[in-house]
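Inspection log for the structure reproduced underneath, given as structure tokens.
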Amino acid sequence: MKPIFRTIAIAILAGTAALPSYAQTAETNTFPGLDDDAVQQWGGEEGVRNWVESLFYYIMLDNRINHVFREFGNIERQIYLNTQLTQLVLGGAVEYQGASMAAAHADLGITVTQFNAVVEAAYLACERVTVTYEACNQLIAALAPYERVIVTR
Amino acid sequence: MEEAKKNGLRLYKSAALVAAILASNITQAEMFNTGKVLATGGVSMIDGAGGGGITPWATITGYATRDGINGNLHYTYAPLANYTLHSVGAAVGFWDRFELSYTKSSLTTGSTFDTVGLIADTAGGPSGQLAGTPINTGIEPFNTTIDMDIVGAKVRVFGEAIYDSDNLIPQIAIGGFYKKNENEDLLKTLKAAKAKDWEAYISATKIFFPINTLINITARYTAANQTGLVGFGGPGGDDKEIRPEISLAYLLRKDTVIGIEWAKHGDNLEGESVEIGGLNLTELQPTLDSLGMSNLSGTLTQHESDWFDAFIAYFPNKNLSMTFAYAMLGDITITPDQHGFYLSLQASF
Ligand code: HEM
């Protein structure tokens with residue numbers, strides 16, 4: 001019984017996970033639109049990378065979420081991909097090479113409480129790398145709609 | 001045989017596992033939650049609902065997300081020129097969906113009604129009688145207080161004030177208050193039609209993160225005079241009407257919000273005099289004249305103004321918020337220029 005079922009199960013899982021990952025992850029259309037110079041407000045693309053490093057530092061200090069990243073995450077890969085994604089949604093001319101937000105988080109059972117914990121880490125990281133609150137909210141606006149696909153509980 | 005035994009063991013094991021998971025889920029499903037981002041629970045408005053200072057918002061009070069419940073206590077103190085408002089209450093938000101609140105407001109009127117109280121006493125004579133009828137104005141010769149109980153409920157209907165920054169659909173909530181003013185005699189003196197009444201409202205709230213701005217628009221269906229502190233309705237009846245309210249807030253920092261508010265008020269008692277023992281004060285003019293109190297009736301005409309305020313709310317952490325405001329409430333009954341500072345503290349648990 002086992003091998004055939006396992007194969008089918010894996011195929012289905014892989015299929016559902018793989019399908020949405022082809023979906024486009026692009027800039028968010030916010031209302032009103034983001035500032036044209038949002039990336040500059042963040043200290044350029046290098047500034048964004050500094051922030052992502054800082055973000056993961058605060059994420060790993062938060063008991064509400066760090067266990068999820070320890071168990072299912074790959075911090076180095078996530079820092080790399082989140083840097084691309086953040087640069088992209090702030091208006092940078094960058095390609096995002098990772099999975100779609102829906103695919104990356106589908107099986108994690110993330111709650112809105114955990115999503116907000118990442119938002120709080122984002123604000124703390126902004127303060128740490130001296131990105132202003134106003135500039136930080138440009139990113140908050142761009143990422144907030146992903147709550148709909150990242151939170152699955 | 002051996003196989004069956006193994007299977008049986010496995011069954012027990014899985015049953016134990018399921019039980020363990022269930023148990024851990026029950027402890028995990030702990031009701032208490034403070035998962036909202038700092039400041040996004042709003043503060044307590046004077047009627048006790050979650051919102052700004054004078055207007056209920058579509059946000060659900062407290063820090064609970066849809067994963068739990070969270071409550072708060074608030075105390076508001078507004079020393080105006082002639083009146084001082086104290087308001088104490090408790091509110092609970094359930095699953096970021098539903099909100100219940102109870103507030104007790106107490107308005108000490110200082111010297112405002114002292115004149116009226118004195119006239120009533122004087123006109124009524126030592127026995128407190130006017131034209132043979134006992135007078136009960138609800139006004140002590142000195143320092144009258146108006147108490148009001150307010151029960152509120154709010155339910156969030158649809159929309160995302162915070163997350164849906166890629167559309168313009170606001171978060172919508174509908175809610176209501178039941179208000180019971182305790183000083184019925186004073187309300188009769190001031191000619192309000194009712195001492196107890198309900199109000200209903202619909203609120204639309206949206207945060208625009210790219211410009212750090214929150215906008216709330218509320219339509220309140222009410223017959224209140226000064227939010228009910230001067231009762232509901234007037235000589236013309238107690239019909240409710242729709243009154244708009246607007247809050248505009250700027251997110252200055254993640255823990256500090258500044259803003260302005262406006263609430264339309266009614267005119268049920270506009271231009272009305274004060275009634276003592278079934279007589280208008282104007283009708284009492286000859287009596288007042290003979291007592292050397294002429295010209296008083298002119299100063300005893302009631303007015304009501306729209307309310308405005310400008311506020312700064314500070315959220316040092318998720319357990320405390322402090323709102324400082326300057327409230328411009330205009331005419332309140334017979335006294336003009338009721339402006340003053342406003343302080344509201346909210347403790348969340
Ligand atoms: C707006 C918020 C978020 C953004 C922008 C975001 C972004 C990302 C990105 C870019 C990846 C890499 C995808 C890939 O490997 O191809 C990722 C993976 C991951 N995210 Fe998030 N994420 C968010 C919220 C969260 C939250 C709230 C949690 C958990 C509490 C979380 C946990 C994870 C984990 C564990 C992975 C690794 C999944 C895997 O490799 O299988 N994320 N996220």
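Residue numbers start from 1 in every chain, and the chains themselves are labelled A, B, ... in the order their sequence lines are given, proteins ahead of strands.
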I'd like to verify something: which residue of [options] has the highest number of heavy-atom pairs under 4.5 Å with chain A?
| options | answer |
| --- | --- |
| B:Thr213, B:Leu38, B:Ile207, B:Leu252 | B:Leu252 |
| B:Tyr163, B:Phe209, B:Phe208 | B:Tyr163 |
| B:Thr40, B:Leu251, B:Asn33 | B:Leu251 |

Side chain, backbone, both or neither: which part of [X] has an atom under 4.5 Å from a heavy atom of chain B?
| X | value |
| --- | --- |
| A:Val112 | both |
| A:Val151 | side chain |
| A:Thr30 | both |

Review point. In Å and rounded to the nearest 0.5 Å, what is the CZ to CD1 distance from A:Phe31 to B:Ile169?
Key: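 Atom-to-atom, A:Phe31:CZ and B:Ile169:CD1 are 9.5 Å apart.
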Check your understanding: In Å, rounded to the nearest 0.5 Å, how long is the span from OH of A:Tyr133 to CG of B:Asp255?
Key ->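 Rounded to the nearest 0.5 Å, the OH-CG separation comes to 9.0 Å.
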If you count heavy-atom pairs under 4.5 Å with chain B, which of [options] comes out on top?
| options | value |
| --- | --- |
| A:Val119, A:Leu143, A:Asn137, A:Thr132 | A:Asn137 |
| A:Thr111, A:Leu34, A:Thr28 | A:Thr111 |
| A:Arg64, A:Gln114, A:Gln138 | A:Gln138 |

Practice item. Enumerate the residue pairs fulfilling side chain to side chain donor-acceptor pair (under 3.5 Å) with a member in residues 82-92 of chain A, sequence neighbours excluded, ordered by first and then second residue. Key: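 Residue pairs with at least one partner in residues 82-92 of chain A: A:Gln84-A:Gln97.
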Using a 6.0 Å cut-off, check whether atom [atom1] of [X] has over 12 heavy atoms from anything other than its own residue.
| X | atom1 | answer |
| --- | --- | --- |
| B:Arg97 | CZ | yes |
| A:Ile75 | CD1 | yes |
| B:Leu168 | CG | yes |
| A:Tyr57 | OH | no |
| A:Tyr80 | OH | no |
| B:Arg243 | CZ | yes |
| B:Asn317 | CG | yes |
| B:Tyr250 | OH | yes |

Review point. What's the shortest heavy-atom distance between A:Glu147 and B:Arg66, and which atoms?
Key: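 Heavy-atom minimum between the residues: OE2-NH2, 2.9 Å.
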**Study point:** Non-hydrogen atoms of B:Pro210 and A:Gly33 that approach each other most closely
**Key:**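 Heavy atoms only, the tightest pair is CB-O, 3.7 Å.
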Check your understanding: Got a salt bridge between A:Arg148 and B:Asp164, using NZ or NE/NH1/NH2 to carboxylate O under 4.0 Å?
Key ->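 Yes, A:Arg148 and B:Asp164 are salt-bridged.
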Review point. Are B:Lys254 and A:Glu134 within salt-bridge range, i.e. N to O under 4.0 Å?
Key: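 A:Glu134 and B:Lys254: not salt-bridged.
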**Study point:** Positive for side-chain contact (heavy atoms from CB on, under 4.5 Å) with A:Asn116, one of B:Thr34, B:Ile162, B:Asp67, B:Val37
**Key:**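 That would be B:Val37.
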Review point. Is there a donor-acceptor contact under 3.5 Å linking the side chains of A:Thr113 and B:Thr65?
Key: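 Note: A:Thr113 and B:Thr65 side chains meet the donor-acceptor criterion.
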Check your understanding: Strictly by modelled atom types, are A:Asn29 and B:Asp166 linked by a side-chain donor-acceptor pair under 3.5 Å?
Key ->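 Side chains of A:Asn29 and B:Asp166: no pair found under 3.5 Å.
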**Study point:** B:Tyr63 portion near chain A, given a 4.5 angstrom heavy-atom threshold
**Key:**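 Neither part; nothing is under 4.5 Å.
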